[in-house]
**Q** 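My questions will all concern the structure given below.
Per chain, numbering begins at 1; letters A, B, ... match sequence-line order.
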Amino acid sequence: MSERPSEESTGTEPTSALPSEVGGCEGCEAVKSGGRRGFLFAAGTTLLTVGGGLAAVPIIGVAIGPAEAGDPNRWIALGKATNFKIGETVLVKFTNPWDSPTDGDTNQNVCYVRCIAHETFQVFAVTCAHLGCPVEWFAQSRLFMCPCHGGVYYEDGARASGPPPRGLYEYDWRVVDGSFEILGGRLPGLQEST
Amino acid sequence: MIRFDSSHLHQPLTSASKSLRLVIAASWIFVGAACDRLPGKPPPNPAPVISVATTAGFEAMWAERCTGCHGADGQMGAGLPMRNAEYLKAVPDGEMFSIIRDGVPSSRMPGFGGNAIGGVSDEIIRDFIKGMHTTWASSEGSNVSRGISWRPSDATGDIARGASIFAAKCAACHPAEQKVPVLEGAMPDQLIAGSVTDPFYLRLVSDQHLRSNIVFGRTDLGMPGAAGPFRGPDGGEVTGGLDAADVADLVAYLASKRNTWPSGPEVEDGAP
Amino acid sequence: MKSPGVIGVIGVIGRTLGWIDDRTGLVAVTEHAMFHKVPRSAKWWYVFGSATLMFFIVQLVTGVLLTTLFVPSAGEAYQSLVYIDEKIPMGWMLRALHGWSSNAMCIMMLIHMTQIFLHGTYKFPRELTWVAGVALCVTTLGLAFTGQIMRWDANAYWGLGIGAAIVDRVPFAGNWLRSVVLGGPNISGATLSRFFALHVFVLPGTAIGLIGLHLILVLKGGISEMPKVGQPVKPETYRKEYEDRVKKTGVPFFPDAARRDMVFCGAALIGLIGLAAWYGPFGPGPVPSPTIIEVAPRPDGLFLWLFAVLALLPPDSETFLILVGPPVGIAFLAALPFISPSGERAPSRRPISVIILCIIVTALAVLTWLGETSPWSPVMKAWTSIPTPIEYVRHRSPLELQGAIQLQYAQCRNCHSIGGEGGERGPALDDVATRLSWDQLVRQIQQGGGNMPAYGKSLNSAETEALAAFLSTLDGGTLPALIPGAMEQQPGRDQSPTVDPRAEAEPEVDSDTVAAR
């Protein structure tokens, strides 16, 4: 063994593992014997490792990029706060803050806005806390019902019955100069803080 | 045994390939055309919408959104029947439109347009009203309501007079006490429909609801409209119909029974 | 008596083949694959693997053609599907073939797997053939799931939502993983692109590689014989015994054994075309718009059992079972040949395996049926679309009729049926009066419980009263009252209404209602 690559070696570490296992093979002689052949092998390994590592940067970067993009939530204006009638829960559309040109209809999203009192709101995600099906608001019985596995929520979003492990997800909201805004963008899920 | 004699193959090649191409094209067209006639060919998407102003389109919409309370064919539901030509003519289209779109506040009629989830457009509601007229406006030619208007006039009813009319024409079927209705199979004239002076009942229905029921009746359930005939206290038939003043008095009498609670008017506990 | 022409043609073919074999060595391999000896007992039981492969080839061909027509963009995918169905000549047939062949492939694969399990074929020396098969099974199910996403409709959109919610339950890394899977913080165009890449490149590529490996291993290990009682697999002697037997009594795969494969595959192919022509393509359903929420997402038939499992799992252990169950199940399946590598192969000598198989098949069948009927799902439009049965409207008092309206209006029928129509989440109410007294009715309505929401806050006293009045008339028709007093009138109702009847009637209504009074 003359030179070993000084950089990080590949996972299989062919330089050390191969000779001991299949000691007699012809190609392995190149590794065993020093000199030019050993140098070439080491150089090849090094170059491939470095090249592969460099190529992995954009490949892995694009693959996991969406998860590393930072907080996608933005304040989204939903119109004047006075547009919402006290005591009513309504379905409100908004556009995702990070939409791309090929999103089509999926750049839209919806939430339920419940106006409790003057400038006092609750904003619910439409997705059921069980497995994400869209819940439907029934103003008559003041319940949200899920069409998939039968989760039911009260008008304040609390779980009423069925398999959901918690109440409806809620968006943060604020009223700025009479304009009603919610903090949205990310699909709510069990591991959200809200 | 097959023999290859290649010298014969060369000459008719061009004409053979021409006809071959023709055959291929023809069969392709045939297969394509036949394919479109196979049962699996999906219908156009989205399917053409049948206007709700027509009977067919109207019935689909009725089945989806109205049947629950107003009955599968517009009658024999728990709510007021719409299969009633006189009623449909008496209610102005504009009023009907706002009832269907926004619902009736503080009643159990929900709105089906506007901001309601899955609500339909104003245009569809107008067509729907047309559909209701085409389908049912000629269903009954009788004169149950005696032409009494749907909305009350401004005159307030006379409670005492209403009470006496009630005793004469209504109380036989609607006794003050809530009674178990007669079992199935009883003769219709033995029918006891149950109390309408029950305060619980009265708190659930509006004066307009009472008026509509009195004027247009619930002929599907055996209740006459303003034209009668009614059943008297002795069980005999009372033929004299009600006029507009009688109806107003009856409604006033019933309304006076609404809040006969010791604790006074019911406090709404969150009901819509 | 062959003519010189025929001899010449055969000569040319022979020389060409010889040349190709000389340069590639492929002809000898193909020849070995086609004419290798297989056991004489390999009969109709052995056709399902070939059929699975044939349907996979149909998938490849139709799939490649579909990629020439389908536009994998969230904004245009739906329109392109509709365009294929309506405007491309025979385009709908192509989609139908792809969809039906997908189902057929999965079913053939499952039957094939069942046969291998039942006959103990996974034992020595074919362990790795089985492991490769399990990997193929997972890949195929992955293809089926991602294929449902390609049908970019409401079911696909909300199906992704369900997938995202499951991934999100992974401890610690769930949220991160979900963003990687969805290609963003929410379901969007990037999500379709990611699943398109999976469905069209990654998974088919994996499947092709695994099928190659699977076939090489089949050739290496030899096609198994039908299991024989009293002929257990002994790893020390099995290879030699098998080879001797095959050498003595075996037949060449082609044409002797392949004949049955060809007949079965041919019939299956014609059956597939018939299904596609008769029943047409799957979907697309409603448009995939997140703003249209009046949808009831359902998975395709193959995953209905999973849909049922997700509804029936106990909530407190749900996350654990969803995340741990599938990997453990797959690992156990793959480990099967290492758990029982030798011994009897005949099903009659392996009762536990047969019982396990019966349990699994029965469970899947029952769960699929449950998933299809989904009795736990509310019928979202029941309250406006299903009328009160006429016999329950007749002979009811005005108050009871108001109660019937209330039953519709409060969406009770989304979960409860009367007259055989309505939701099945709660019990049918046709004979509720024989089960609950007036007081119990009122309490159940006001306080809920037993998986029913409490209606105390949304119903006032008159509405509750009317509802209880109507429900207490539902005595199942001819059934006598089982609970003494259930059929009797509420105490105080036949007295003058100046006495508050609820003073005695509802001792336990919830505090909100009492406060409001």
**Q** Please report the shortest heavy-atom distance between A/Ile182 and A/Cys111, naming the atom on each side.
**A**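 That closest heavy-atom pairing would be CD1-SG, 4.0 Å.
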
**Q** How long is the span from the OG1 atom in C/Thr291 to the CZ atom in A/Phe94, to the nearest 0.5 Å?
**A**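 Separation between the atoms: 11.0 Å.
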
**Q** Using non-hydrogen atoms and a 4.5 Å limit, figure out which bit of A/Asn109 sits close to chain C: side chain, backbone, both or neither.
**A** both

**Q** Working note: A/Ser141 + C/Gln411, criterion side-chain hydrogen bond (donor to acceptor under 3.5 Å, both in side chains); need CA distance, chi angles, decisive distance, verdict.
**A** CA-CA 6 Å; A/Ser141 50; C/Gln411 280 96 24; 2.5 Å; yes

**Q** Give the member of A/Ala129, A/Ala67, A/Gly132 that has the highest number of heavy-atom pairs under 4.5 Å with chain C.
**A** A/Ala67

**Q** Establish, yes or no, whether the cationic atom of A/Arg174 lies under 6.0 Å from the six-membered ring centre of A/Trp75 and within 45° of the ring axis.
**A** yes

**Q** So which residue, A/Cys128, A/Pro134, A/Pro101, ends up with the most heavy-atom pairs under 4.5 Å with chain C?
**A**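 Of A/Cys128, A/Pro134, A/Pro101, A/Pro134 has the most heavy-atom pairs under 4.5 Å with chain C.
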
**Q** Between C/Val180, C/Val181, C/Ile293, which has the largest tally of heavy atom pairs under 4.5 Å with chain A?
**A**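 Option with the greatest count: C/Ile293.
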
**Q** Using only heavy-atom distances, determine whether the side chains of A/Glu68 and C/Trp176 contain a donor-acceptor pair under 3.5 Å.
**A**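 Short answer, yes.
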
**Q** Measuring from atom CZ of C/Phe320 to atom CZ of C/Arg169, what distance do you get when rounded to the nearest 0.5 angstrom?
**A**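 If we round to the nearest 0.5 Å, C/Phe320:CZ and C/Arg169:CZ are 14.0 Å apart.
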
**Q** Taking side chain as everything from C-beta outward and backbone as N, CA, C, O, which of these in A/Ser100 sits under 4.5 Å from a heavy atom of chain C? Side chain, backbone, both or neither.
**A**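 When you check distances to chain C, no heavy atom of A/Ser100 falls under 4.5 Å.
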
**Q** If you take all heavy atoms of C/Tyr78 and C/Trp152, which pair is closest and at what distance?
**A** CD1-O, 3.3 Å

**Q** Are more than 12 heavy atoms, taken from residues, nucleotides or ligands other than C/Trp305, located less than 6.0 Å from that residue's CH2 atom?
**A**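 Count not over threshold, so no.
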
**Q** So which residue, C/Asn414, C/Leu312, C/Ile166, ends up with the most heavy-atom pairs under 4.5 Å with chain A?
**A** C/Asn414

**Q** Using non-hydrogen atoms only, which part of C/Ser374 is less than 4.5 Å away from chain A: side chain, backbone, both, or neither?
**A** neither

**Q** What option among A/Gly162, A/Gly151, A/Gly65, A/Pro165 has the most heavy-atom pairs under 4.5 Å with chain C?
**A** A/Gly162

**Q** Within residues 185-195 of chain C, which residues come under 4.5 Å of chain A, heavy atom to heavy atom?
**A** C/Pro185, C/Asn186, C/Ile187, C/Ser188, C/Gly189, C/Ala190, C/Arg194

**Q** Just checking heavy atoms, which of residues 51-64 of chain A are less than 4.5 Å from chain C?
**A**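 Expected list: A/Val62, A/Ala63, A/Ile64.
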
**Q** Which bit of C/Leu310 comes within less than 4.5 Å of chain A, counting heavy atoms only: side chain, backbone, both or neither?
**A** both

**Q** Which atoms of C/Glu76 come close to chain A, meaning under 4.5 Å heavy atom to heavy atom: side chain ones, backbone ones, both, or neither?
**A**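 Neither part.
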
**Q** At a heavy-atom separation under 4.5 Å, does C/Phe307 approach chain A through its side chain, its backbone, both, or neither?
**A** both

**Q** In terms of heavy-atom proximity below 4.5 Å to chain A, should C/Val170 be classed as side chain, backbone, both, or neither?
**A**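 It is the backbone, since no side chain atom gets that close.
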
**Q** If I measure from the heavy atoms of chain C, does A/Tyr154 come under 4.5 Å with its side chain, its backbone, both, or neither?
**A** side chain

**Q** Quick one: what part of C/Pro171 sits under 4.5 Å from any heavy atom of chain A, side chain, backbone, both or neither?
**A** backbone

**Q** Quick one: do C/Lys381 and C/Glu294 make a salt bridge, cutoff under 4.0 Å?
**A** no

**Q** Which heavy-atom pair separates C/Ser377 from C/Arg298 by the least distance, and what is that distance?
**A** OG-NH2, 3.1 Å

**Q** Apply disulfide bond (SG atoms under 2.5 Å apart) to A/Cys133 and A/Cys146, showing your working.
**A** CA-CA 7 Å; A/Cys133 287; A/Cys146 175; 4.7 Å; no

**Q** Mind checking whether A/Leu168 and A/Val135 have side chains closer than 4.5 Å, heavy atoms only?
**A**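 Yes; the side chains approach each other to less than 4.5 Å.
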
**Q** State yes or no: are the ring centers of A/Phe144 and A/Phe124 separated by less than 6.0 Å?
**A**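 That pair passes the under 6.0 Å test.
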
**Q** Using heavy-atom distances under 4.5 Å, tell me whether C/Pro288 contacts chain A through its side chain, its backbone, both, or neither.
**A** backbone

**Q** Determine the interplanar angle of the C/Trp383 and C/Tyr409 rings, folded into 0 to 90°, and report it as parallel if under 30°, tilted if 30 to 60°, perpendicular if over 60°.
**A** perpendicular

**Q** With only heavy atoms counted, which part of C/Asp316 is less than 4.5 Å from chain A, the side chain, the backbone, both or neither?
**A**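 The answer is neither part of C/Asp316.
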
**Q** Less than 4.5 Å to any heavy atom of chain A: does that hold for the side chain of C/Arg425, its backbone, both, or neither?
**A**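 When you check distances to chain A, only side chain atoms of C/Arg425 fall under 4.5 Å.
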
**Q** Contact between A/Tyr171 and A/Leu78 at the side-chain level, heavy atoms closer than 4.5 Å - yes or no?
**A** no

**Q** Pick from A/Pro72, A/Gly104, A/Gly150: which one has the most heavy-atom pairs with chain C under 4.5 Å?
**A** A/Gly150

**Q** For each of C/Pro375, C/Gly174, C/Gly423, C/Cys415, tally heavy-atom pairs with chain A at distances under 4.5 Å, and name the one with the top tally.
**A** C/Gly174

**Q** Search all heavy atoms of C/Ala468 against all heavy atoms of C/Val442 and return the closest pair with its distance.
**A**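 Where C/Ala468 meets C/Val442 most closely, the heavy atoms are CB-CG2, 3.9 Å.
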
**Q** Identify which of A/Leu91, A/Asp105, A/Val152, A/Asp71 forms the greatest number of heavy-atom pairs closer than 4.5 Å to chain C.
**A**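 Among the listed options, the one with the most contacts to chain C is A/Asp105.
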
**Q** Can we say A/Asp156 and A/Arg114 salt-bridge, meaning some charged N sits less than 4.0 Å from an Asp/Glu carboxylate O?
**A**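 Not counted as a salt bridge, because no side-chain N and carboxylate O are separated by less than 4.0 Å.
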
**Q** Report the option among A/Leu143, A/Val126, A/Thr127 that has the most heavy-atom pairs separated by less than 4.5 Å from atoms of chain C.
**A** A/Leu143

**Q** Report which part of A/Pro163 has an atom under 4.5 Å of a heavy atom belonging to chain C: side chain, backbone, both, or neither.
**A**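 It is both, since atoms from each part get that close.
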
**Q** Could you check which of C/Pro315, C/Pro297, C/Ser73 has the highest count of heavy-atom pairs closer than 4.5 Å to chain A?
**A**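 Top count of heavy-atom pairs under 4.5 Å with chain A: C/Pro297.
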
**Q** Evaluate ring-ring contact (aromatic ring centres under 6.0 Å, His included) for A/Phe121 paired with A/Trp173, printing each intermediate quantity in order.
**A** CA-CA 8 Å; A/Phe121 296 92; A/Trp173 59 271; 5.4 Å; yes

**Q** Nearest 0.5 Å, what's the CD-CD distance between A/Glu170 and A/Gln122?
**A**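 So the gap between those two atoms works out to 4.5 Å.
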
**Q** Give the minimum heavy-atom separation between C/Asp153 and C/Pro286, together with the two atoms involved.
**A**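 Reported closest heavy-atom pair: CB-O, 3.2 Å.
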
**Q** Between C/Thr384 and C/Gln408, is there a side-chain donor-acceptor contact under 3.5 Å, judged purely by atom types and distance?
**A**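 The answer is no; no qualifying pair exists.
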
